[in-house]
Undergrad: 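Before I ask anything, here is the structure I am working with.
As the structure is a computational prediction, the values presented were derived from the model and not from experiment. We name chains A, B, ... by the order of the sequence lines, and we start the count at 1 in each one.
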Amino acid sequence: MVTAAPPEAERPSVLRKATRSATTTPGRLSVIAVGLLLLTVVTGLIGALTLQGKQATLDDLVDRREPLAAAAQQIFRSLSDADATAASAFLSGGVEPADLRARYERDIAQAGMALGKASSDVGGDSNASDQVAILSQQLPVYTGLIETARSNNRQGFPAGAAYLREASGLMRSKILPAAERLYDIDYERLTAEQKDARSFPWAAAVLVLGLLGALVATQRYLTRKTNRLLNVGLVTATVAVVVGLLWATVALLVEAAHVADAERNGSQQVDVLVQARINSLKCRADETLTLVARGDGPGYEREWQQLSATITGEGDANLLRQAKALASDDAIAGEVQQAVDNADAWLAAHRKVRELDDSGQYEEAVRFAIGDAPDSAAAAFGKLDKNLITALNAGRQEFFTQTTRAGQALTGLVPGVVVLALVAAIGITMGIRDRLREYR
Amino acid sequence: MRRLTAALAVAMACLATACSATGAPVDLATVESVERPKPVGVETNPPTTTGAAAQVPPCDPGASLRPGPLPAPGAMPVGSTMRAIQERGRLIAGVDQNTFLFGFRNPTSNALEGFDIDRVREVAAAIFGDPNKVQYKVITSAERIDALKNGEVDIVVRTMTATCARWVDINFSAIYYTAGQRLLVDRSSPITGIDQLGGKQVCAAKGSTSLNRLRESPAPPEVVAVDNWSDCLLMLQQGQVVAVSTDDTILAGMVAQDPNVKMVGPKFTEEPYGIGIPKQNEDMVRFVNGVLEKSVADGSWAGSYNHWLARSGEQAAPPTLRYRD
């Protein structure tokens, strides 16, 4: 039957041919085979890509997101400590003690390094890049002011104190808020990505179940048409799909559990500790600046009162107690408990500093605030900061371990899915070709 | 999945641009302008303080209350303000730690020093026999009156000009020094007088008489108000104001810290410095005046003057203390 149809009529005629052939059993079988193969390829592809994406998300969490959040908090810590140290150096009178100067220099160098890291990926987030811009523009200005203060101090000029005040004002009103916002942004992006890693791949799941249903339906259709109970090819394909489904489900459940652990005992724990540390650093700066200001005009002491409530006391507002509740093992819990004790010791020392200062014993108050006596405020703060660093690092380690384990749960799954999809495709082809042959 | 779509989009974009070859090199994050740091609490043209608006009875701000005989140190009369201070064990004095030569923190020794601090030490010595029994509270110019009214301090010795408006709220001792307002500018500045400052940025401390005087000038400048006088030197050094205007003595302290600034123009006001004392403590006013008389008489005033201020100008004769009763 040769039709001399013009080219534009060709397509409808092909379609008509296919529709007509689908009314016969062999024609219908061919259509089913093509449909099944297409579904298998699409399912395999989507499944593999989804899993590949999960793996990439997990790698990204460990390699970029968490280090960025850590770098942001490092910037805050270093700069806040630099500010408090500069104030302490000023309080000690004369040429500043060598160890305080060294500490200040280390803080600034550390902040510069962390800033380099944090700015390596602001990823088109204009809010994050704004904060990085503030930090990278203002940090050199801050150090310039500190050095001007220092050279005036060395000549015995009170203008040095004015430059120090200006530097500290710049730090507290612009630089530290930017560092804090940068940390918040980075932490938010971290949690969003963790949510992504834990999420259930609905599209892939629907496709797999659809494919499974189609395979079962085809086999029942063939049984009815041919009176043969089993088709080896299609059974093989079904088994391959079921294996893939089970494997992926179990692997994803294990992965999600690890990511959840990494979140709870890792990043959330670290976040609470970071908040506690930020507040403790602010408190320390307030403590020294109250003494520098020699009077409570600028309200440093008021801020101390507000912030110290978040790191001491029995209530839920105490961030250190929250961190202890999130601790994954006894070692971290013990470290955080020490932090709780040292924070209380610091509170007591601070009260003594204020008592001395308020009763006119300024020199003693300064000595007690910045001196190295074992019960001094400086000593208690130093111990608290050490506890916090240890606990923070443990939290980061926990995050790394759990997220890496989550990644390991997915090992081999992507190639596995590809191979299983191939097996299914071959099974479908073989199985239906056998039946088609019977019609020749 | 999202990553794949993104990669595809990027690939498409690359192909598209490769074909047309338009666009520009990557932006280098050029910085157009830099915001200069400023001292904390700086304000341009702050609203006038309400105190100036109230009716001020005419008075002689330089005349204080006549002192009686000075009691022996450590034996203050029972029931007096001085007795309460003696029993407390320390004198609480509101001072400055930023004004070179008058009240400043010596960065080398960490101690407060200056001409004003010497006055505080004399009062402490007269009460306790020990000039070190002092608790210094550092306050800004703007906080002086309130600190006295709220009883936070016993005395304020902080380059404080006795004015009739302030006499309404507090008492002053007799005048222990008379300064005059002048101008401080960059060494290379063409400015020579207050009449050339119209519309220009000029620095003064909040709540000071100098600031009000600038406002009343026939060619009013843009007044930049700061918390401490040393912030003014800083703003001049940073090029944010063209001049600082206040008492010559304070300006002399700035010249001593920076050879690149100079004082210009004549004194255009007279600023009689008195020690501020809470309104109700008249016995304390008489006591402090007694201490000042003794200081002038035994030469310790002159010694203190020569130590701190002699280099800033002519040899000043000790003030004549005047009284209203």
Undergrad: Tell me every residue that passes side chain to side chain donor-acceptor pair (under 3.5 Å) with A/D286, counting only those two or more places apart in sequence or in another chain.
TA: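 Testing A/D286 for side chain to side chain donor-acceptor pair (under 3.5 Å), a comparison that skips the adjacent residues, returns A/R172.
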Undergrad: With only heavy atoms counted, which part of B/V31 is less than 4.5 Å from chain A, the side chain, the backbone, both or neither?
TA: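 When you check distances to chain A, only side chain atoms of B/V31 fall under 4.5 Å.
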Undergrad: Which pair of heavy atoms, one from A/Y163 and one from B/Q237, lies closest together, and at what distance?
TA: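 Reported closest heavy-atom pair: OH-OE1, 2.5 Å.
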Undergrad: Can you confirm whether more than 12 heavy atoms, excluding those of A/E147, are under 6.0 Å from its CD atom?
TA: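 Yes.
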Undergrad: Would you name the heavy atoms of B/P37 and A/V141 that are closest together and state the gap between them?
TA: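 Looking at all heavy atoms of both residues, the closest pair is CG-CG1, 3.6 Å.
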Undergrad: Can you measure from CG (A/N152) to OG (B/S230) and round to the nearest 0.5 angstrom?
TA: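 So the gap between those two atoms works out to 10.0 Å.
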Undergrad: Is it the side chain or the backbone of B/L234 that comes within 4.5 Å of chain A heavy atoms, both, or neither?
TA: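 B/L234 touches chain A through backbone and side-chain heavy atoms alike.
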Undergrad: With a 6.0 Å cut-off (strictly less than), is the heavy-atom count around CG of A/D372, excluding the residue itself, greater than 12?
TA: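 No, not enclosed.
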Undergrad: Look at A/E363, A/R154, A/K174 and state which one has the largest set of heavy-atom pairs under 4.5 Å with chain B.
TA: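 Looking at each of A/E363, A/R154, A/K174 in turn, A/K174 comes out on top.
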Undergrad: At a 4.5 Å cut-off on heavy atoms, which part of A/Y142 comes close to chain B: side chain, backbone, both, or neither?
TA: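 The answer is neither part of A/Y142.
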Undergrad: Is any NZ, NE, NH1 or NH2 atom of the basic residue among B/D227 and A/R165 found under 4.0 Å from an Asp or Glu carboxylate oxygen of the other?
TA: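 No.
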Undergrad: Atom CD of residue position B/E43 - does it have more than 12 heavy atoms of other residues, nucleotides or ligands inside 6.0 Å?
TA: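 Correct, the count exceeds 12.
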Undergrad: What closest approach, in Å, do A/A162 and B/D231 show between heavy atoms, and which atom pair accounts for it?
TA: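 For A/A162 and B/D231, the tightest heavy-atom pair comes out as CB-OD1, 3.7 Å.
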Undergrad: Could you tell me which non-hydrogen atom of B/F100 sits nearest to which non-hydrogen atom of A/P158, and how far apart they are?
TA: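 Shortest heavy-atom contact: CD1-CD, 3.3 Å.
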Undergrad: Take atom NZ of B/K38 as the centre, draw a 6.0 Å sphere, and report whether it contains more than 12 heavy atoms from other residues, nucleotides or ligands.
TA: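 It does not: B/K38 NZ has 12 such atoms or fewer within range.
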Undergrad: Any donor-acceptor pair under 3.5 Å linking the side-chain atoms of A/E166 with those of B/Q238?
TA: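 Yes, side-chain donor-acceptor contact under 3.5 Å.
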Undergrad: Is the side chain of B/Q257 donor-acceptor paired with the backbone N or O of A/A159 at a distance under 3.5 Å, no angle test?
TA: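 Confirmed, B/Q257 side chain pairs with A/A159 backbone.
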Undergrad: Going by heavy atoms in the side chains, are A/F90 and B/R105 under 4.5 Å from each other?
TA: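 Touching, per the 4.5 Å side-chain cut-off.
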Undergrad: Would you say B/Q135's side chain and A/D358's backbone share a donor-acceptor pair under 3.5 angstrom?
TA: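 Side chain of B/Q135 to backbone of A/D358, a donor-acceptor pair under 3.5 Å: yes, one is there.
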Undergrad: I'd like to verify something: which residue of B/N228, B/V95, B/L233 has the highest number of heavy-atom pairs under 4.5 Å with chain A?
TA: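 With the most close heavy-atom pairs to chain A, the winner is B/N228.
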